[in-house]
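See below for the structure under consideration.
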Amino acid sequence: MLIGICGPICSGKHITAEYLVQHHGFLRLHLPSQIQLARTASDDVKRLLPSVTDEKGTRGLTFPDVDSLLEFVTKRWREHWVLTDIHDEATLELLLRRPFFLLLSIDAPVSLRYKRFTERCVRRQLDPMPLSDFITTNDMQLYGTTTSTPTTPDLDGQSQPSIALGIAHLLPRAHLQILNQYASVSTYYSFLASLDLPSPVRLRPTWDAYFMTIASLASLRSNCMKRRVGCVLVHNSRIISTGYNGTPRNLTNCNEGGCERCNSARQGGVGLATCLCLHAEENALLEAGRERIREGAVLYCDTCPCLTCSVKIAQVGVKEVVYSQGYNMDDASRRVLKEAGVELRQFSPPRSGLVGTGTSYQASFEDLGQDLVLRNGDH
């Protein structure tokens, strides 16, 4: 497994890498640095260098380019590696092609990152750069720079300035985005432990995660004004049909005014008899047809089926229903499905998207010790 980490200055990339080294046996890999500076003073380089210690595995191995790094890791992909030197899209594209690669992005509020940066400079006996210069350097790293060096002429024959891209366009491609607002290393490490970053499920989803993702994707086709729901019907891990909720074929879409009930903003459960929208489960069952729903079929739905759909699910012989989000009829649906011999279970996928929100970074660093504070402020 190779975990790549990217993020702005002092967001906590290296402290995250050191967590993987110290707690999960990862070894560090390095590519040539591409730090962009607002100024050219040598002290700025010293200020921006991360606090990489001499602990076992921290220094790791350095490669001249991503191709040689990938050649090395591919032969050893069952081992654990971590890389914090991802600076451009070409490098990321090569990494993302590999099934053993996971990308994390780490971020924190700029006020907190400047606070970490200032404390790091003090411990290095350097004067911190002014906040304005820090922000300028941060913008260079995130959004790139424009130089005066001319490049290939454009269609009008005019020379255009060279643009060095930043990493901002790389961050949304991360498999997991972490907001590191934690004031201490120990609390941040506890949070990272809850994510189970080295889990192989993050690299290759289980069947539950796979089919629930497809159900969620199907929900994006929904035109119901009340709620988006997606569904997948499978047998022996093969898809029989998919469905999403909305008005029947040849009727005006719900989001275009086709269902008066959904467009009248009535409360949930009110006026159901006048609703024209088919539910995702109904569409999947209708698409499959009774003859294709073999014994042992499993229905995945991103929302727990309502009572009406549960009755139909029981009728066609589905063996199991797997859902991710609850609904206000869960208890009634559960009773019907249980009596019909249909297993109902909730699937909770690994945390993804932006995690770490809602934490406070106002706590004092005083009780942490200089070494821990230094490492939590790593670039």
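For clarity, every value in this text was computed on a predicted model and none was experimentally measured.
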- prompt: So do C6 and T84 actually touch side chain to side chain, heavy atoms under 4.5 Å?
  reply: no
message: Donor-acceptor pair, distance only, cut-off 3.5 Å: does the side chain of S241 make one with the backbone of E287?
response: no
- prompt: Taking all non-hydrogen atoms of both residues, which atom of T252 and which atom of T247 are closest, and how far apart?
  reply: O-OG1, 2.9 Å
field: Test ring-ring contact (aromatic ring centres under 6.0 Å, His included) applied to Y114 - qualifying residues, sequence neighbours left out
entry: F134
- request: Write down the atom of V234, the atom of V232, and the distance for their closest heavy-atom approach.
  value: CG1-CG1, 3.5 Å
Smallest separation among heavy atoms of C262 and M225, with atom names: O-CB, 3.9 Å
message: For the residue pair S222 / S219, report whether a side-chain donor-acceptor contact shorter than 3.5 Å exists.
response: no
- prompt: Does a salt bridge link R173 with E93, judged by any charged N lying under 4.0 Å from a carboxylate O?
  reply: yes
task: Report yes if some heavy atom in the side chain of L195 is under 4.5 Å from a heavy atom in the side chain of I178; otherwise report no.
output: yes
- request: Please list, chain by chain and in numerical order, all residues satisfying side-chain hydrogen bond (donor to acceptor under 3.5 Å, both in side chains) with R345, sequence neighbours excluded.
  value: D208, E320
message: Please determine whether residues L92 and Y143 belong to a single hydrophobic cluster, defined as Ile, Leu, Val, Met, Phe, Trp and Tyr linked transitively by side-chain heavy-atom distances below 4.5 Å.
response: yes
task: Assess the side chains of R294 and N236: does a donor N or O sit below 3.5 Å from an acceptor N or O?
output: no
- prompt: Do C231 and L299 touch side chain to side chain, with heavy atoms closer than 4.5 Å?
  reply: yes
K312 and E282 ion-paired at < 4.0 Å: yes
From CD1 (I3) to CZ (R202), nearest 0.5 Å: 9.0 Å
query: Between L103 and V73, is there a shared hydrophobic cluster once you connect ILVMFWY residues whose side-chain heavy atoms come closer than 4.5 Å?
result: yes
- request: Taking atom CG of D127 as the centre, report whether more than 12 heavy atoms of other residues, nucleotides or ligands fall under 6.0 Å from it.
  value: no
CA sep, side-chain torsions, deciding dist, call: I239, I214, side chain to side chain contact (heavy atoms under 4.5 Å, CB included): CA-CA 10 Å; I239 295 175; I214 294 175; 3.8 Å; yes
- prompt: Step by step, would you call V318 with I293 a side chain to side chain contact (heavy atoms under 4.5 Å, CB included)?
  reply: CA-CA 7 Å; V318 169; I293 304 176; 4.2 Å; yes
- request: To the nearest 0.5 Å, tell me how far L95 CG sits from L102 CG.
  value: 11.5 Å
- prompt: Among side-chain atoms of D88 and T91, is any donor-acceptor pair under 3.5 angstrom?
  reply: yes
- prompt: Would one find more than 12 heavy atoms of other residues, nucleotides or ligands at under 6.0 Å from atom CD of Q325?
  reply: yes
message: Taking salt bridge (Lys or Arg N to Asp or Glu O under 4.0 Å) as the cut-off, I'd like each qualifying pair that reaches into residues 183-195, sequence neighbours left out, listed once.
response: none
message: If you define the side chain from C-beta out and look only at heavy atoms, does anything of S190 sit under 4.5 Å from T187?
response: no
Check against side chain to side chain contact (heavy atoms under 4.5 Å, CB included), M1 and W77: CA-CA 5 Å; M1 182 181 200; W77 69 271; over 6 Å; no
query: Is there side-chain contact between L20 and R28, with at least one heavy-atom pair below 4.5 Å?
result: no
query: Under a 4.0 Å N-O cut-off, is there an ion pair linking K115 with E119?
result: yes
- line: Here the pair of heavy atoms bringing L307 nearest to A332 is CD1-O, 3.8 Å
- prompt: Do side-chain atoms of R76 reach the backbone of F72 as a donor and acceptor pair under 3.5 angstrom?
  reply: yes
task: Determine, stepwise, if the pair D107 / Q177 fulfils side chain to side chain contact (heavy atoms under 4.5 Å, CB included).
output: CA-CA 8 Å; D107 204 352; Q177 298 169 292; over 6 Å; no
query: For L278, does its backbone N or O pair with a side-chain atom of N245 as donor and acceptor, under 3.5 Å?
result: no
S68 and D65 side chains, donor-acceptor separation under 3.5 Å: yes
- prompt: If two hydrophobic side chains count as joined below 4.5 Å and joins carry through other members, does V316 share a cluster with Y323?
  reply: yes
task: Would you please indicate if the ring centroids of F63 and H30 are separated by under 6.0 Å?
output: no
- prompt: Do any N or O atoms from the side chain of D85 and from the backbone of P32 form a donor-acceptor pair under 3.5 angstrom?
  reply: no
- prompt: Should we count CZ of R221 as having more than 12 external heavy atoms under 6.0 Å?
  reply: no
- request: Quick one: sort the F191 and Y188 rings into parallel, tilted or perpendicular, breaks at 30° and 60°.
  value: parallel
- request: Give a yes or no on whether Y327 and V322 share a hydrophobic cluster (residues Ile, Leu, Val, Met, Phe, Trp, Tyr; joining criterion: side-chain heavy atoms under 4.5 Å apart).
  value: no
query: Do V311 and V342 share a hydrophobic cluster (ILVMFWY, side-chain heavy atoms under 4.5 Å, transitive)?
result: no
- prompt: Going by heavy atoms in the side chains, are L142 and L171 under 4.5 Å from each other?
  reply: yes
message: Using every non-hydrogen atom in the two residues, find where V229 and C301 come nearest and quote the distance to one decimal.
response: CG1-SG, 3.6 Å
Expected output: side-chain R116 to main-chain C10 donor-acceptor under 3.5 Å: yes
- prompt: So how far is it from F117 CZ to T137 OG1, rounded to the nearest 0.5 Å?
  reply: 7.5 Å
message: Ring centres under 6.0 Å, that's the criterion: do W81 and F100 meet it?
response: no
- line: One should read off an interatomic distance between T16 OG1 and I5 CD1, to the nearest 0.5 angstrom, of 5.0 Å
- request: Find out whether L69 and L2 are in side-chain contact, i.e. whether some heavy atom of one side chain is under 4.5 Å from a heavy atom of the other.
  value: yes
- prompt: For the residue pair P8 and I106, what are the closest heavy atoms and their distance?
  reply: CD-O, 3.3 Å
- prompt: Do Y19 and H24 have ring centroids that are under 6.0 Å from one another?
  reply: yes
message: With a 4.5 Å cut-off on side-chain heavy atoms, are N180 and S11 touching?
response: no
Separation of H80 NE2 from L197 CG (nearest 0.5 Å): 11.0 Å
- prompt: How long is the span from the OG1 atom in T242 to the OH atom in Y300, to the nearest 0.5 Å?
  reply: 15.0 Å
